[in-house]
Amino acid sequence: MTNHPALRRTRSAGDIGRDIDKDHIMRIIQISDTHISQLGGTTNENAEKAIELVSELEPDLVVHTGDVTILDPDEDDDRVAAKAILSRIEAPLRVLPGNHDIGEPGADPFGGKSVTSERVAAFRAHFGEDRFVDEVGEWTVVGFNSELFGSGLPEEEDQWAWLESLPERLGGRPTLIFSHKPVWAHAPEYQTPKVSLDAAVLPRLEAILSRIDARGFGSGHLHHYALTAAPSRPSAVAVSAPPTAFVHRSAEMARVTGPGMNQLGVVSYEIEGDRVLPFFRSRIDFEEKEFGEVDSAMRALGAMGIELPAG
Ligand SMILES: [Fe+2]
Ligand SMILES: [Fe+2]
C-alpha cells in the first residue's frame, strides 16, 4: 500500500468514472494471454501470480486482452477454470476474446477453428460483452473484438456499427484502445488475420480512429512486450503486452512479431492529466516456459489432433 496522496483511491467497484479524484494518478492494467487450463499447471499458477501483482498495483480498471483459455475455443471446462481464477481480481475487469477463446477469421485458422456465432456466444456467456466503452476519470477506455474483422458474421457488422458510433460518443476525450490482435503488424507482410487485423479492414477502421483522440493501443497475441509509435497515429503509443502464460523464443516467431521482450508480465498504464505512460511489470517468480514445455498446452494440442511443428 502506498501513502502517497496522489495515489489514494476513492472509487468504488462498478463505478469507475465518478469517484476518481481529478488530481490522482489513474492506473489501468492490461493482462493478456493467460491461457488458463482445466488441467491446472504452469499457466494457471502464473495467472494467479499475475493477479496478485495486479492487486498490489491497485488499478482503477483491469483489461484482459484475450487468449484467456489454453488453446481450444470449444472447451467449456477451460472457460470455467479461467473464470474462477479471474474472479480473484478485485478491480473492475473487462475481458476481450482472443483467437483461442472464440476461433479466428481467415482461410487458415488455428486448429481449423474459425470464429463462429456460437463460439462468440459461449465467450460472452462466461466473460461478458466482447466490446466495451468505460469512462475512467477524464479518459475513456475502449475494447473491441479483433477476431470478428473479416469474419462475415452478423456480429462483425454489429461491431462496425458500434465502432462508427464511437467518435461522437467519446466526444474528444483522451482514449485508450484495446484488442487481442494488434491493429498494425510490424511489417506489411504480417498484416494478416493470423497476426494482426487483416489489411483489408484497416482503411475503414483507420477512418474511424482518425476521429478519436486515441493516445494508446494495447494488444496481446504476440506473446512479447514491445512499445512502438502507432503507425498513422505517431502521437499514440502501440503496446504489445507480454503474456502471463508462456513465451515463444524461436527466430521464426521473432520475425513475425518484430523486436520485443520475451518475458512474462503485465502492463500498467499510468495516467496523469492528459498524459499516459505504459510500464512493464513482472515478478521474479513467474515460471517462464516456452510453449512446447507447457504440459497442459501439449495435452490440449493433442486433444485437438494437432502435432507440434518441429523447432
Ligand atoms: Fe496467446
Ligand atoms: Fe492469440
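Atoms within each ligand, like the ligands themselves, are counted from 1 in listed order. The structure presented is a predicted model; accordingly, all values stated were derived computationally and were not measured.
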By salt bridge (charged side-chain N to carboxylate O under 4.0 Å, His left out), Arg204 pairs with (sequence neighbours left out) Glu157, Glu164
Indicate the atoms forming the closest heavy-atom contact of His186 with Arg255, along with that distance. NE2-O, 2.8 Å
Would you mind writing out the side-chain donor-acceptor pairs for residues 294-305 within the sub-3.5 Å range, not counting sequence neighbours?
none

Taking the side chain as every heavy atom from C-beta outward, state whether Arg119 and Asp74 have any pair of such atoms under 4.5 Å apart. yes
Hey, is the main chain of Pro97 close enough, under 3.5 Å, to the side chain of Glu147 for a donor-acceptor pair? no
N, O or S atom within His180 nearest to the Fe ion (ligand 2), by name: NE2
Those residues that, when tested against Ser117, pass side-chain hydrogen bond (donor to acceptor under 3.5 Å, both in side chains) (two or more places apart): Glu155
Nearby protein N/O/S atoms (those under 2.8 Å) for the Fe ion (ligand 1), with water ignored: Asp33 OD2, His35 NE2, Asp67 OD2, His223 NE2
